[in-house]
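See below for the structure under consideration.
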Amino acid sequence: MPTTWSRAPEEFHKIYVANTDAFYRLGSNQGLAKELDEFVTKCALSLWSRCGGLNEKHVAMANQIYSRNQPRPTWMLWSLTSAVCEEDVFLPPVFYWNLAESDAKRGTESSRTFIRMLTNILLYLAAVDDDVTYAEAAFITECTDRLTAICDTSGVRKSRDGLNPLDYVTSGEPSFQEKHPQVQTSGGETAPAAKEDEQPKPDFDALMAELEDLVGLTEVKKDVKNLMNLVKVRKLRQENDLPVPPMSLHMVFLGNPGTGKTTVARLVSGLYAAIGVLSKGQLVEVDRSGLVAGYVGQTAIKTQEVIKKALGGVLFIDEAYSLSSGGENDFGREAIETLLKAMEDHRDDLIVIVAGYTGPMEKFINSNPGLESRFNKYVFFPDYDGEQLTEMFRKRCEKNGYTLSEEADAAAVKLFTELYEERSDNFGNGRDVRNIFEDMIVRQSNRVAAMENPSKEDLMAVLPADLEDSEEEEEEADAAQDAPEKEEKSE
């Protein structure tokens, strides 16, 4: 099915300039043009690593990503191909954090408009080869979800939703990197990746050490260790022609968001591969949107594509209860049936982990006899307490080259203790730590940028002010000013 998003490069440039000009007219800084062009280019490189293959059309389109009064790029096929092979991870740009914070203070929504603009531009870029693959649409969705999370965290007011990229998928064509896998050699050049049977297995001891290094999760670590011992002995019994009882390795992870479920699932996948239970050990993470389509007959195809990627590893389904929450005619039930069949057909080389809140997950498992019989291992992930949240924050600082002063460390202890003790239903555990860390980086960057010649120590130092919300500071200052007036009136 041909895509409706295909445009000639020159026409795309007009669309790109029209979108960016409109964005700037909303009150955004025209000085962002260079950063915006660089950001969209990085997104295009990551996007095209998920397309079917590169050609001169991609080169022509890449050379049209420039705003008014900005230099035009000069990509060539060889340089674009090399850049696409190296680009993969999506990182929200610093200017977007500042934009979201500005929106939150002014009550505007430029940052949410930016998301809709980026979605449109990336769909045009995905359709350059007249095809929008599922992998490309999933990447665009990932980009918009991460930017939306920043808006939500910053408190930007809600706005109308943008397009859903998954509605415009035209094929499940394998990605460029899947067709042409590359590895980096010691000299910096690229070389074909080794065949699957030549790939080294994950290091069991290293993965167990990584598990042990996780903050908290004492009972989770114990459960994983017990499971690994059970599976290792089971394989030894099989190798010695001893009987082994039937056993399901599929699992249910119960707990609130940010409690480490995805991290542990990734480690479990590698550990299973290390002891020979799985052939590859990759983790494929999806939620309802990655399995369920909007039209009859498409959900099974979409779910099968995801299962195909997960063969040899672990399929991790977050908020899995949403698959059964839509009633008898909901397409989520089709995804469940497709999943159950795959678990039976590929029981020797596919493990499924479903995750979510405790109550809804128990209802989900009990909603289908097939689920109930295949998922009998439950692992509970408790909330992190204040001390554990503080330790997670310290580790993030150390890993990223930031040094907490003694006063800043004390401020962090106070902050995370209060965060835990006053937690609500929206408590995000490790996600809250990540958000606070990222907010700290912005404040610290603003403070250091005002220095004339900051030293290396200045660039690394975190002060108590870097952990304080500016709005809270203003409220405290206003309260302090009001206090003497109230005292005078009382006298």
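With salt bridges taken as basic N to acidic carboxylate O contacts below 4.0 Å, none links D103 and R112. By the 4.0 Å N-to-carboxylate-O rule, E101 lies too far from K105 to be salt-bridged with it. Classification of E285 and R266 as a salt-bridged pair fails, no side-chain N sitting under 4.0 Å from a carboxylate O. E344 has a carboxylate O that lies under 4.0 Å from a charged side-chain N of R347, or vice versa, which qualifies the two as a salt bridge.
Between Y16 and H13, the ring planes lie parallel to each other; the angle is under 30°, not in the 30° to 60° tilted range. Using a 30° and 60° split on the angle between ring planes, F437 and Y402 fall in the perpendicular class, above 60°. By the 30° and 60° cut-offs, the orientation of the rings of Y321 relative to Y357 is tilted.
Distance check, rounded to the nearest 0.5 Å: CG of D466 to CZ of R447 gives 4.0 Å. Taken from CG in L217 to NZ in K261, the straight-line distance is 10.5 Å, to the nearest 0.5 Å. The CD1 atom of I351 sits 11.0 Å away from atom CG of L315, with the distance rounded to the nearest 0.5 Å. The CZ atom of F39 sits 6.5 Å away from the SG atom of C143 when rounded to the nearest 0.5 Å. Within the model, atoms CZ of F364 and CG of L323 stand 5.5 Å from one another, a figure rounded to the nearest 0.5 Å. Considering CG of N429 and OG1 of T259, their distance stands at 5.5 Å, rounded to 0.5 Å.
Scanning for salt bridge (Lys or Arg N to Asp or Glu O under 4.0 Å) contacts around K158 gives D152, with sequence neighbours left out. In this structure D287 satisfies the side chain to side chain contact (heavy atoms under 4.5 Å, CB included) test together with S289, sequence neighbours excluded. Qualifying side chain to side chain contact (heavy atoms under 4.5 Å, CB included) partners for R72, counting only residues two or more places apart in sequence or in other chains: N63, Q64, Y66. In terms of the side chain to side chain contact (heavy atoms under 4.5 Å, CB included) criterion, residue partners of E438 (sequence neighbours excluded) are, by chain and number, W97, R434, N435.
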List, one per line, each side-chain donor-acceptor pair under 3.5 Å for residues 118-125, sequence neighbours excluded.
residue	atom	partner	partner atom	Å
T119	OG1	I115	O	2.9

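Formation of a donor-acceptor pair under 3.5 Å by the S154 side chain with backbone atoms of I150 is found in this model. Side chain of T403 to main chain of A461: no donor-acceptor pair is present (N/O by atom type, distance under 3.5 Å, no hydrogens or angles). At least one donor-acceptor pair closer than 3.5 Å links the side chain of E136 to the backbone N or O of T133.
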Show your reasoning for whether salt bridge (Lys or Arg N to Asp or Glu O under 4.0 Å) applies to R146 and E142. CA-CA 6 Å; R146 292 194 181 187; E142 177 189 356; 3.0 Å; yes
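For the ring-ring contact (aromatic ring centres under 6.0 Å, His included) condition, the pairs that include at least one residue of residues 251-291, sequence neighbours left out, are F253-F381.
Taking a 6.0 Å sphere around NZ of K341, one finds it holds 12 or fewer heavy atoms contributed by other residues, nucleotides or ligands.
Side-chain contact annotation: D349 with H346, donor-acceptor N/O pair under 3.5 Å absent.
Between N368 and the options E337, R333, R374, a side chain to side chain donor-acceptor pair (under 3.5 Å) holds for only E337.
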